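Taking it in order: structure first as structure tokens, then the write-up.
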Amino acid sequence: MSVHAQPEQYGLADLLCCAASREVGNNEIVFAGTGLPMVAIMLAQNTHAPNLKLIFEAGTLDGRPPELPTSVGDARCEMGASRASGLYDAFSIAQRGYVDLGFLGGAEVDQYGNVNTTCIGDYLNPELRLTGSGGNPDINSFAKRTVFIMVHEKRRFVENVSYITSPGWRVKKWPGGQFVHRRELYGSAFRGGPSAVISTAGVFRFDEETGLMYLDTCHPGKTPTEIRDLCQFDLDISRVKGETVAPTLEELRIIHEVLDPDEIFIPKVKKG
Amino acid sequence: MSVHAQPEQYGLADLLCCAASREVGNNEIVFAGTGLPMVAIMLAQNTHAPNLKLIFEAGTLDGRPPELPTSVGDARCEMGASRASGLYDAFSIAQRGYVDLGFLGGAEVDQYGNVNTTCIGDYLNPELRLTGSGGNPDINSFAKRTVFIMVHEKRRFVENVSYITSPGWRVKKWPGGQFVHRRELYGSAFRGGPSAVISTAGVFRFDEETGLMYLDTCHPGKTPTEIRDLCQFDLDISRVKGETVAPTLEELRIIHEVLDPDEIFIPKVKKG
Amino acid sequence: MSTSKRTTLQHAAEIITDGSRLTFSGFTIWRRPMAIVFELIRQHRKHLHLIEVQGGSHTEFLVGAGCVDIWESCWVGHELYGKYGANLSRKVADKQIIVEDYSHAEMMFRFAAAASGAPYAVTQTSLGTDIHNPEYDMLGRAGLRDGKRIAKHKYQFTEDPFFGAGSQVLIPAAKVDIAVMCVQQVGEEGTVRVNGQYYSDPEVARAADITIVMAEEIVPEEYLRRNADQNTIVSFEVDHILECPFGAHPTGMFGRYDVDGAFLKEFYGRTRTQEGFDDFANEWIHGQNHMSYLEKLGWPRMLNLKANSAMNYSPREKKGGK
Amino acid sequence: MSTSKRTTLQHAAEIITDGSRLTFSGFTIWRRPMAIVFELIRQHRKHLHLIEVQGGSHTEFLVGAGCVDIWESCWVGHELYGKYGANLSRKVADKQIIVEDYSHAEMMFRFAAAASGAPYAVTQTSLGTDIHNPEYDMLGRAGLRDGKRIAKHKYQFTEDPFFGAGSQVLIPAAKVDIAVMCVQQVGEEGTVRVNGQYYSDPEVARAADITIVMAEEIVPEEYLRRNADQNTIVSFEVDHILECPFGAHPTGMFGRYDVDGAFLKEFYGRTRTQEGFDDFANEWIHGQNHMSYLEKLGWPRMLNLKANSAMNYSPREKKGGK
């Protein structure tokens, strides 16, 4: 009995969080970054995927935090976890192939799903140095599927990112730097790649053979051509399935009453 | 005030244990195998080297067992230790270069200090398969000095061991198998090598440049030529310093009253 | 949780099919999954390929019973209670088993690499020894290096390109199908808490494709999760669990019971010949189950082994006597 | 023990000389050795080469104060309280600092290799990214790859010879002179017990040539040795110890106190410019000592951060507010 909310009952962050949550299957092992991804996974854990196993990069394995941690290093991560250890464990488990799904963010994404979190502009003369990679490339290299949650602006959906921090479906082969399919480079470690980008405009997926991004669903109120115009590359809009499913009232209740009552990551929609 | 025991007051195992114990310096980090080496180190810990740090291969780090463990996996190892973990830790610490002294045993030793614990006879058609390497080559590869405690029989002191389990001062360079100085092979991991063999006949040391064994001290009652005749190679007896120092009464008390009252590794000498 | 991981001794042994690449928890004569080992012998398992950080009494039982075709490790014996592996020695001499020798650290690093998903490890141990004698690559000699189940090479040499540290030995990840563990506590969802030295248990459990955990006790998962930083193995690394008190006997378990030295001494003494082994197995394994085995051991013997809970070992056990 | 490992805040900072290769305990904004970081700034330390699994608030303080010439890591920021490292960003734009980028797993594996005494690690992470762009080898561009203190290459590619697993990245061990740790408990002889996630602390402590441990409390060594399986770092891996309550503030410590989000937010907001940083440092670092710093913070603020001992975090702290 899932009653979907009306547009005025939820915000964009709610929609993203719920769309992201639906990418998670039950029984999956999920590796989550800080912020919205963390809320999305905890939402899945509290709805359709009670058996999902959550890994936090800092060393919490099969975590079930009763309260939303503000980051993966947070003391809130440990409570209820199967094991609290460290990064060597978390990344070893990932490289070993345990991870079904990674949840990540990014500043820029290109048509192949390559993501940049390192710098804006030329790396050697950056306009803006960002945080750097963190575990973004690692989780993305090792997981079977990866979901990115991003703000949608035309400057962020580019033909080629300034710096490939995290590998998409077609990546650079060094030393030359020519683009090749990810499969060619990763050998037996190839397990998949970015499966969805959930932006503030829509949900995007990838043709695994061409490696190219396509539009899957539009968020309510957005049209495919509008969304294509929000990309610097020629976005494939031929495979659109319709509108992104709105949050249910139950999902909204869990987000705002259970997971993030303090609006740390997801603001409440003002009534009125 | 160290009163040395008279020959009838101690056995050969006592002499070996005390000679081995004297190889340990205070503040040293010592990696010990099971058996007599363990008693020797605990003897040092209880006499002249109270600050030595003891590592057991199975994962006990800076151990101070109040009761003699029967092996390094024993539950008696943990009590009073700084950390109880596992083999990855123990071998990582060794490879990292922390270990000053390793204490080991062997079935055969050659003129270069190469030791065999794997098989007697041709490896491909062995007369007798022994236990195998265990951590013998690892401790010996990584420690600054290694001491071997062995039974002295002519068949055990050979020109070339049937199988080099543990590296001496001149070792085989593969794929050809020609003998080269250990220093050539170990690069920056070269930290030293076997520093003493304590047999039931005497104490032997090595010329670090030629890599050859020489007789250092004879056990009471043995002569250098007798000992040379107990080796299949031409043992250098030109550097003999004299007799191996007898156990003190205090050392014997600690061995038999504190460390090994049940005569697990060291039998008591029968009075009378 | 919707699906239970609980299994029985019989089924646990059935998971380990003929030809499996198998490894174990514990260290020489401590925390070996003996009850499952005995069940494997009862079920006449064949062609096992043991890949072990180091062997121990359990190895000698499996080898003696003819379950093992390949033993890839570094050491076997019963410590104080039997100075070498008499069954393995006999089968090596008779060429009934292939032995592939590595050093102890190499075996540990091979499992660490497998657990970390790396195809190989880099080390400087054992350079110049016959462990690296190219003539002694026994799996290669047997034509078994297919590059899939068994690595293409026993090892490779290379030079450190970064710091000029010199020769390095590359050793392949220890890929195993199944790890069989014996521990103090496991939770309903698979979380394991090992007390005392954990030996190579964390790496072994993670390296294996399937992990079976036999515990002295299955405890409420929430109990273990109250102190996540004291747990040893993660829930999702464990596939099957079972409770089997004294399941490690005659090997010992920190905090629970000591090694039964007299039992191991008797085993070592009686199984120098195949007839001796068969006789021993007929007495202690075949026709028995775990409960009848415990009954046969009897209360006085087991209470003598029981650990003092303040000391974590038995102050009564005389370490096998003399 | 005959020789004490105890030192003071001032002396601990003095051990870290100009030009040291330095690393830290903790994770982003948790368990960073802030009191020593502040003392380094007071002592005007220069030319530091930070090699970190990942950076955090402490990095931003050191970089802002001009202590750092080279930063070799993968991430810097204040998590929720400051989305990137404004001081590092400014100095990168001004070319006042050399940044060498690796991935997070690469940095972790580099420390694991160093801790294990291996010259390098093997991994398959981040293939095809600009982390491996040969043009972006910044230490190479600066001519600093001497093969001694800094590896000859940023990385090397090779193929797996054992299982045909494909391209592998070899990454050099993270060799560091000093690790500065901030933990809950250390014993008189150096044994460390970390509660909660230990992040990369065990590897970092073992990788460093000198390890300094600042703890909330120095406890009797025997207390820690009663449960050796709960300890995190071995006595002999630790060279210097000091007790410094709230030494991690404004970062948090599991079981003791939360992150002071408001403090970090203010730091992030005020230190976007160098003038802002200098102003902040004049207010909170220069002319202060650890006690006057705590006095300045005041009781209400610190009690609000104090962890509930059943939950291990503060149920009062509003995570920095909105």
Side-chain angles (χ1 to χ4, degrees), chain B residues 34-35 56-60 67 70-79 84-88 91 94-95 114 118-119 123-138 141-142 163-167 171-175 177 180 182 185-190 262-265, chain C residues 26-30 53-54 73-77 79-80 83-85 88-89 92-93 99 101 103-105 108-109 112 123-134 136 157 160 163-167 196-203 252 254-255 258-259 261 307 311-313 318-319 322:
Chain B
T34 293
F56 292 139
E57 201 161 348
T60 294
E67 191 174 317
T70 60
S71 72
V72 299
D74 197 321
R76 286 157 186 80
C77 293
E78 276 93 339
M79 199 178 263
S85 57
L87 285 84
Y88 184 80
F91 287 130
Q95 188 166 252
N114 292 304
T118 300
C119 64
Y123 181 76
L124 299 176
N125 294 288
E127 287 166 44
L128 180 63
R129 167 77 199 189
L130 304 171
T131 53
S133 71
N136 205 313
D138 310 304
S141 292
F142 296 138
Y163 182 101
I164 300 182
T165 309
S166 196
V171 290
K172 288 182 179 172
K173 182 172 178 157
W174 303 114
V180 297
R182 177 190 181 109
L185 229 53
Y186 277 77
S188 71
F190 174 79
D262 297 332
E263 302 176 72
I264 294 168
F265 297 110
Chain C
F27 185 92
T28 67
I29 56 172
W30 288 88
V53 175
Q54 91 291 130
S73 191
C74 75
W75 187 95
V76 69
E79 300 279 12
L80 186 61
K83 50 196 282 194
Y84 65 101
L88 186 90
S89 276
V92 168
V99 169
D101 276 298
S103 83
H104 208 178
M108 182 67 253
F109 293 149
T123 176
Q124 288 186 286
T125 191
S126 306
L127 289 163
T129 70
D130 275 310
I131 294 169
H132 301 148
N133 185 330
Y136 297 168
F157 290 126
D160 163 34
F163 299 101
S167 289
Q197 299 182 103
Y198 53 64
Y199 311 130
S200 45
D201 291 9
E203 292 86 359
F254 179 91
D258 262 40
V259 174
M311 302 157 88
N312 294 306
Y313 57 86
K318 285 298 171 207
K319 300 164 192 172
K322 279 177 298 171

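Here the structure is a predicted model, which means the values were calculated and not measured. A note on names: the letters A, B, ... follow the listed sequences, proteins ahead of strands, and every chain is numbered from 1.
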| Which distance, rounded to the nearest 0.5 Å, do you find between the CH2 of Trp75(C) and the OG1 of Thr118(B)? | 13.0 Å
| request: Would you mind checking which part of Val72(B) comes under 4.5 Å of any heavy atom in chain C, side chain (CB onward), backbone (N, CA, C, O), both or neither? | output: both
| task | Can you tell which part of Val99(C) gets under 4.5 Å to a heavy atom of chain B, answering side chain, backbone, both or neither? | result | both
| message | Is the shortest side-chain heavy-atom distance between Leu127(C) and Pro167(B) below 4.5 Å? | response | no
| message | Evaluate Arg129(B) against Leu88(C) for side chain to side chain contact (heavy atoms under 4.5 Å, CB included), listing each step before the verdict. | response | CA-CA 8 Å; Arg129(B) 167 77 199 189; Leu88(C) 186 90; 4.2 Å; yes
| request: Specify which of Ser188(B), Gly187(B), Gly86(B), Gly73(B) makes the most heavy-atom pairs with chain C at under 4.5 Å. | output: Gly73(B)
| query | Going through the checks in order, is the side chain to side chain donor-acceptor pair (under 3.5 Å) test met by Gln95(B) and Thr125(C)? | reply | CA-CA 8 Å; Gln95(B) 188 166 252; Thr125(C) 191; over 6 Å; no
| note | So, the part of Cys77(B) with a heavy atom under 4.5 Å from chain C: the answer is side chain
| query | Side chain, backbone, both or neither: which part of Asp201(C) has an atom under 4.5 Å from a heavy atom of chain B? | reply | neither
| query | For Phe190(B), is it the side chain, the backbone, both, or neither that has a heavy atom closer than 4.5 Å to a heavy atom of chain C? | reply | neither
| request: Would you give the length of the straight line joining atom OG1 of Thr28(C) to atom CD of Glu57(B), rounded to the nearest 0.5 angstrom? | output: 9.5 Å
| query | Considering only heavy atoms, which portion of Phe27(C) lies under 4.5 Å from any heavy atom of chain B: side chain, backbone, both, or neither? | reply | side chain
| note | On a heavy-atom basis, the closest approach of Ala75(B) and Phe254(C) is CB-CD1, 3.6 Å
| message | For chain C, which candidate among Gly135(B), Gly134(B), Cys119(B), Ser166(B) shows the most heavy-atom pairs at distances under 4.5 Å? | response | Gly134(B)
| said: Is Phe142(B) in contact with chain C via its backbone, its side chain, both, or neither, using a 4.5 Å heavy-atom distance? | reply: side chain
| query | Which atoms form the tightest heavy-atom contact between Gln197(C) and Ala58(B), and what is the distance? | reply | OE1-C, 3.2 Å
| Segment of Ser141(B) engaging chain C (4.5 angstrom heavy-atom cut-off) | side chain
| message | With side chain to side chain contact (heavy atoms under 4.5 Å, CB included) as the criterion, how do Asp258(C) and Arg76(B) come out once you've worked through the C-alpha distance, each side chain's angles and the decisive distance to 0.1 Å? | response | CA-CA 10 Å; Asp258(C) 262 40; Arg76(B) 286 157 186 80; 2.6 Å; yes
| note | Closest non-hydrogen contact found for Pro137(B) with Ser103(C) is CG-CB, 3.7 Å
| task | Take Leu80(C) and Ser71(B) through the test side chain to side chain contact (heavy atoms under 4.5 Å, CB included) and record every step on the way to the result. | result | CA-CA 7 Å; Leu80(C) 186 61; Ser71(B) 72; over 6 Å; no
| message | Quick check for you: among Phe265(B), Phe56(B), Tyr186(B), which has the greatest number of heavy-atom pairs under 4.5 Å with chain C? | response | Tyr186(B)
| said: Please rank Tyr84(C), Phe163(C), Tyr199(C) by heavy-atom pairs under 4.5 Å with chain B and give me the top one. | reply: Tyr199(C)
| request: Take Tyr198(C) and Ser85(B) through the test side chain to side chain contact (heavy atoms under 4.5 Å, CB included) and record every step on the way to the result. | output: CA-CA 5 Å; Tyr198(C) 53 64; Ser85(B) 57; 3.3 Å; yes
| Glu79(C) side chain near Thr34(B) side chain, heavy-atom distance below 4.5 Å | yes
| query | Of the non-hydrogen atoms in Leu87(B) and Met108(C), which two are nearest, and what is the gap between them? | reply | CB-SD, 3.5 Å
| said: Looking at chain B, which one of Gly166(C), Ala165(C), Gly252(C) has the largest number of heavy-atom pairs inside 4.5 Å, strictly under? | reply: Ala165(C)
| request: Could you tell me the separation between the CD1 atom of Ile164(B) and the NE2 atom of His132(C), rounded to the nearest 0.5 Å? | output: 12.0 Å
| Can Glu78(B) and Tyr313(C) be said to form a side chain to side chain donor-acceptor pair (under 3.5 Å), step by step? | CA-CA 10 Å; Glu78(B) 276 93 339; Tyr313(C) 57 86; over 6 Å; no
| query | What part of Gln124(C) lies closer than 4.5 angstrom to a heavy atom of chain B: side chain, backbone, both or neither? | reply | both
| message | How long is the straight-line distance from CG of Asn136(B) back to SG of Cys74(C), given to the nearest 0.5 Å? | response | 10.5 Å
| said: Within the structure provided, determine whether Met79(B) and Asn312(C) are in side-chain contact (heavy-atom separation under 4.5 Å). | reply: no
| message | Using 0.5 Å steps for rounding, measure from the CZ atom of Phe109(C) to the CG atom of Asp138(B). | response | 7.5 Å
| request: Against chain C, work out which of Ser133(B), Ala84(B), Gly132(B) has the most heavy-atom pairs shorter than 4.5 Å and name it. | output: Ser133(B)
| said: For the CH2 atom of Trp174(B) and the OH atom of Tyr136(C), what is their distance to the nearest 0.5 Å? | reply: 7.0 Å
| said: I'd like to know which of Asn114(B), Asn125(B), Val180(B) tops the heavy-atom pair count under 4.5 Å against chain C. | reply: Asn125(B)
| Option in Val76(C), Asp101(C), Thr123(C) with maximal non-hydrogen atom pairs under 4.5 Å from chain B | Asp101(C)
